[in-house]
Amino acid sequence: MSVKIYNTLSRKKEVLKPLEPNHIKLYVCGITSYDYCHIGHARSALAFDMIVRYLRYLGKEVTYIRNFTDIDDKIIARAAEQKTSTEELANRFIDEFYVDMDKLGVDRPTMEPKATEHIQEMTDLIGELIDKDMAYPSHGDVYYRVGSFAEYGKLSGRKLEDMQAGARIQVNENKDDPMDFVLWKASKPGEPSWSSPWGDGRPGWHIECSAMSRKYLGDTFDIHGGGQDLIFPHHENELAQSEAANNKPYVNMWIHHGFVTIRDEKMSKSLGNFLTIRDILKHYHPEVLRFFIFSTQYRNPLDFSETAMQNAMTGLDRLYECLAAVERLTGECAAESKQVASAKDIKKLETMEERFQSAMNNDFNTALAQGILFESAKVINKITRQITDLPPQADYDLLIQAVATIKKLGAIMGILQENAGEYLSAKKSAMLAEIAISEEDIQELILERKQAREDKNWGRSDEIRDQLLKHRIELNDSAEGTGWSIKKS
RNA sequence: GGCGGCGUAGCCAAGCGGCUAAGGCACUGGUCUGCAAAACCAUGAUUCAGCGGUUCAAAUCCGCUCGCCGCCUCCA
C-alpha cells in the first residue's frame, strides 16, 4: 500500500516516493513569533504532526524541519511598541508557542532552526544568485530578478503578466521590475542588522526557508508544507530562489493545508475574529481540539464554532465511553461460554486497522479514519452490551485487542490517549466545579433514592432525580447500581 | 480583472466512473427500565446547487449558470 498525497505543484494526488528509500525529508514553514498562536497555527502544527506520526507509524524515517521566523517587519514593529528587542520578543513568543504545543501534545520536529541563526547561509545563497545574475544589489538592498526565472509562477499557477495586470504592487524605485522581491534589506537606523557584502541589513522573508532547508535537507527534498496562504508569494519565491541557485528541482511534493474560519471567514487580526490556542484550551480538553481539527480532511476549510466544538466533545466522549466499558473488564472470563461476537463483528474489528490505513493513505483522510473508529466502537459496544456477566474468553481477547488497536490508531491523531476512566472522571469533576452541587450531596441523594426505590416509593425517587437534573446531573440505573453524569448545558 | 477551491440529509462530513451515497451530532420509533438515562436495534438523501453533454454506467468526467470562500499585500 502506498501513500497518496495531493501535490499543489501538480494539482494531483501522487504516490509518495521518497528520494532516499524509506526516509522522508519534510520542511514546514513555522510561525513568525511576535504574538500568541491562534487556532490556525494549531491546525498547521497538528496537521503536520499527524502526517509525521502516520508516516512513522508506517515504519518510515522522517526528518522533519520546522523553522522559526524570528526577524521580520512585524517583529521589529511589535518590539518597538513594547520597548524591547526583537530577540527578546521573538524568544518570548517562541517559549509561549512551546507552552501551547506541549499542551496540545505536538511532537517536536527533528530540528527547529531560527532565521537569525542562519544569516551566513542566507548571504551565501544570495551571493550565488547574484553571481548567476538572478539577483542584483540596489541601494543596499538585494532583489531577485523574477523575470529571469522562466518557470516563475509554476507553483501558484499564475502568470507574470496576469499578476502585473491586477495586482496592488507598491512602487519601489530600487527594483528593476515591480515583481522582483527582496532577498536582503538594508537596515534603517536602530533596526537589528547583520553585516553582508551589500552593507548592513537583514534577510528578506523568503530566503530563510531556502537557506535553512538546503542546509538541513539538501538541494532537493521530498515534502514542503505550510498553509494555503503561503503558496503565493512565499513558496513561489522560495522555489524560484532555490531552483535558480541549485539548478535542481527544489521540492517533489508541496502540501498545503486549509484555513480555520469563523463564520466562514478566515481568521485574521484585522477582522478581530481570531481565537488563541490558550483561549480554546481554557474550555476544552486538548484532545477535543485535535478531534475537531481532524474531523475534516486537512485541505478543507474548517469552520470553528462552539457548536462544532461541543459536537466534537460529544463524539470523543462516546469513544471514551466505549473504551471505558472494556477497561472495566477484570480479565476474569467465563469458562466454556459461547462467543457472543458474530462473524461479521469479528471481521469488522479485525479489518479496522487495514481500513484505517487505506483512509489515511488517501491524502491523510482523517475524517474517514475517524468514521472507522466510530464503526469499531459501535461493534465493541454491541459486544460489551451482550455480555451480562463474565465475558467468554474469545470475546474478551477480541475486545482487548480491538481497544489496543483503537488506541494505537488514535495516537496518530493524538486522541484517545488517556486512560478512559480517568478521562471521563476528570471531565466530570471539571464540570462539577461549574455547577452548584457537590459530589457528596449527589451521593447522598443517590443513597436516599436507592432506599426510596427499594421501598417502591417512585414519587420520591423521581423527585430526587428531577432535583438532580436541575443541577444538570443525570442518573442512570444499571445492574451495578446508580451512576451519574453531567448533562451538557 | 487573474488564479485556486468549495456547494452531498436539520447541522458537520466521507465518497474521486460501476456493490444498499460511510461516519458523527440532532430528531423519531423499538429493546432495556418501576419510569428514565446510557447502550443497542431500526428509521431518514430515488438523490448529491441548477441546466446541458460524454458514457452501457456520473455525486464522481466535460461545458455553462447560480451561490460561497481563499490567494493575487504580512498571514497557518
Side-chain angles (χ1 to χ4, degrees), chain A residues 4 8 11-13 28-32 34 37-48 69 72-74 77 153 156-159 161-170 205 225-234 236 256-261 264-270 274 291-292 295-297 299-303 305 307-308 310-316 318-319 321-322 325 355 359 362-363 365-379 381-386 453 456-459 461-462 465-466 469 473-478 482-485 487:
Chain A
K4 280 203 270 182
T8 307
R11 278 160 249 274
K12 284 198 293 270
K13 282 185 196 172
V28 173
C29 291
I31 59 160
T32 298
Y34 70 100
C37 289
H38 55 63
I39 330 173
H41 296 112
R43 186 179 197 189
S44 175
L46 289 173
F48 291 106
T69 297
D72 91 323
D73 291 348
K74 271 189 184 151
S156 56
R158 287 152 213 267
K159 297 186 192 83
E161 313 86 73
D162 295 340
M163 288 189 270
Q164 280 160 331
R168 296 161 279 175
I169 304 158
Q170 68 275 50
W205 176 33
Q228 279 169 356
D229 51 351
L230 297 184
I231 297 172
F232 190 89
H234 186 51
E236 191 72 63
H256 292 101
H257 67 262
F259 295 118
V260 179
T261 59
D264 292 323
E265 275 185 325
K266 184 181 170 181
M267 282 195 298
S268 77
K269 305 221 163 163
S270 52
F274 68 97
F291 184 93
F292 165 68
S295 66
T296 185
Q297 204 263 354
R299 280 188 288 120
N300 293 144
L302 176 64
D303 197 48
S305 68
T307 315
Q310 289 291 337
N311 282 354
M313 189 161 76
T314 309
L316 186 64
R318 196 168 126 82
L319 292 175
E321 299 273 8
C322 163
R355 287 181 292 131
N362 186 8
D363 203 21
N365 192 337
T366 51
L368 220 203
Q370 284 187 350
I372 289 156
L373 259 26
F374 274 106
E375 276 181 17
S376 306
K378 195 170 190 171
V379 174
N381 283 337
K382 191 176 151 202
I383 297 168
T384 50
R385 152 99 182 154
Q386 285 174 63
R453 293 181 75 214
K456 298 215 187 305
N457 181 352
W458 308 126
S461 165
D462 291 351
R465 191 170 59 201
D466 291 346
L469 204 55
I473 303 293
E474 211 163 42
L475 296 181
N476 60 89
D477 300 322
S478 72
T482 300
W484 58 274
S485 56
K487 267 180 79 169

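From a predicted model like this one, the values you see are computed outputs, not experimental measurements. In the text below, chain A, chain B and the rest are named by the order of the sequence lines, each starting its count at 1.
As judged by a 4.0 angstrom heavy-atom cut-off over every strand, A/Gln386 is placed among residues making no nucleic acid contact. A/Gly40 comes within 4.0 angstrom of a nucleotide base, judged by non-hydrogen atoms across all strands. Contacts of A/Gln228 with the nucleic acid, taken as non-hydrogen atoms under 4.0 Å apart, are absent. Within the nucleic acid shown, A/Leu230 comes within 4.0 Å of sugar-phosphate atoms alone, with no base atom in reach, counting heavy atoms only.
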### Query
Just by protein heavy atoms under 4.0 Å, how would nucleotides 29-40 of chain B read 5' to 3' in B, S and -?
--B--BBBBBBS
### Task
Between protein and nucleotides 6-11 of chain B, map the contacts as a letter string: B base, S sugar-phosphate only, - none, heavy atoms under 4.0 Å, written 5' to 3'.
------
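Distance noted for atom P between B/A22 and B/C48: 15 Å (whole Å). Remark: the separation of the P atoms in B/U60 and B/G1 is 27 Å, to the nearest Å. For the P atom pair drawn from B/G23 and B/A45, the interatomic distance equals 14 Å after rounding to whole Å. Between the P atoms of B/G52 and B/A37, the separation comes to 48 Å (whole Å). B/A59 and B/A13: their C1' atoms are spaced 14 Å apart (whole Å). If you take atom C1' in B/C74 and the same atom in B/U8, they sit 36 Å apart, rounded to whole Å. Here the separation of B/G4 from B/A9, taken at their P atoms, is 27 Å to the nearest Å. Spacing of C1' atoms, B/U47 relative to B/G15, comes out at 14 Å, to the nearest Å.
The distance between atom CZ of A/Phe259 and atom C1' of B/G4, rounded to the nearest whole Å, is 11 Å. Nucleotide B/C69 holds its P atom 20 Å from the NE2 atom of A/His257, rounded to whole Å. Counting to the nearest Å, the P atom of B/A13 and the CZ atom of A/Phe292 are 9 Å from each other. With rounding to whole Å, A/Glu236 atom CD is found 13 Å from B/U73 atom P. Residue A/Glu265 contributes atom CD, which lies 22 Å from atom P of B/G5 at whole-angstrom precision. Rounding to whole angstrom units, CG of residue A/Asp303 and C1' of B/C68 are separated by 12 Å. Atom pair A/Asn362:CG and B/G23:C1' shows a separation of 16 Å (rounding to whole Å applied). Atom CD in A/Gln370 sits roughly 12 Å away from atom P in B/A13 (whole-Å rounding).
Side-chain proximity of A/Arg158 to the nucleotides B/A14, B/C25, B/C72 is greatest for B/C72. Considering only side-chain atoms of A/Ala367, the nucleotide from B/G4, B/A14, B/A76 that sits closest is B/A14. When distances are taken from the side chain of A/Thr296 to each of B/G23, B/A76, B/A14, the shortest belongs to B/A14. Considering only the side chain of A/Phe374, B/G23 comes nearest among B/G23, B/C71, B/A76.
The base-pairing partner of B/G1, taking Watson-Crick or G-U wobble contacts with both distances under 3.5 Å, is B/C72. Base pairing analysis places B/U60 opposite nothing; no Watson-Crick or G-U wobble pair with both distances below 3.5 Å involves it. Judged by Watson-Crick or G-U wobble contacts below 3.5 Å, the nucleotide B/U54 has no partner. For B/C25, the paired base is B/G10 (Watson-Crick or G-U wobble, both distances below 3.5 Å). Pairing of B/G44, defined by two Watson-Crick or G-U wobble distances under 3.5 Å, is not identified with any nucleotide.
Considering CG of A/Asp477 and OG of A/Ser461, their distance stands at 7.0 Å, rounded to 0.5 Å. The structure places NE2 of A/His256 at 7.5 Å from SG of A/Cys29, a figure rounded to the nearest 0.5 Å. Atom CZ of A/Phe48 sits about 6.5 Å away from atom NE2 of A/His257, to the nearest 0.5 Å. Distance CZ/A/Phe292 to CG/A/Asn311: 10.0 Å, rounded to 0.5 Å. Rounding to the nearest 0.5 Å places NZ of A/Lys378 at 7.0 Å from CZ of A/Arg318.
Remark: A/Lys74 fails to qualify as a cation-pi partner of A/Tyr34 under the 6.0 Å distance and 45° angle criteria applied to the six-membered ring.
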### Steps toward side chain to side chain contact (heavy atoms under 4.5 Å, CB included) verdict (A/Asn362, A/Lys13)
CA-CA 8 Å; A/Asn362 186 8; A/Lys13 282 185 196 172; 2.8 Å; yes
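Side-chain atoms of A/Phe274 and A/Ile39, non-hydrogen and from C-beta on, never get closer than 4.5 Å to each other. Within the 4.5 Å cutoff, the side chain of A/Glu236 has no heavy atoms near those of the A/Arg158 side chain. Within the 4.5 Å cutoff, the side chain of A/Thr366 has no heavy atoms near those of the A/Gln297 side chain. Side-chain atoms of A/Phe259 and A/Gln228, non-hydrogen and from C-beta on, do get closer than 4.5 Å to each other.
Each of A/Asn365 and A/Ala369 lies near RNA chain B, and the nucleotide nearest A/Asn365 is the one positioned closer to the 5' end. Comparing A/Lys13 and A/His38, the nucleotide of RNA chain B nearest to each residue sits closer to the 5' end for A/Lys13.
The phosphate of B/C72 has neither OP1 nor OP2 within less than 4.0 Å of any side-chain N or O from A/Lys159. Under 4.0 angstrom from either OP1 or OP2 of B/C74 there lies no side-chain N or O belonging to A/Thr32.
Every residue two or more places apart in sequence or in another chain that forms a side chain to side chain donor-acceptor pair (under 3.5 Å) with A/Lys382 is listed here: A/Asp345.
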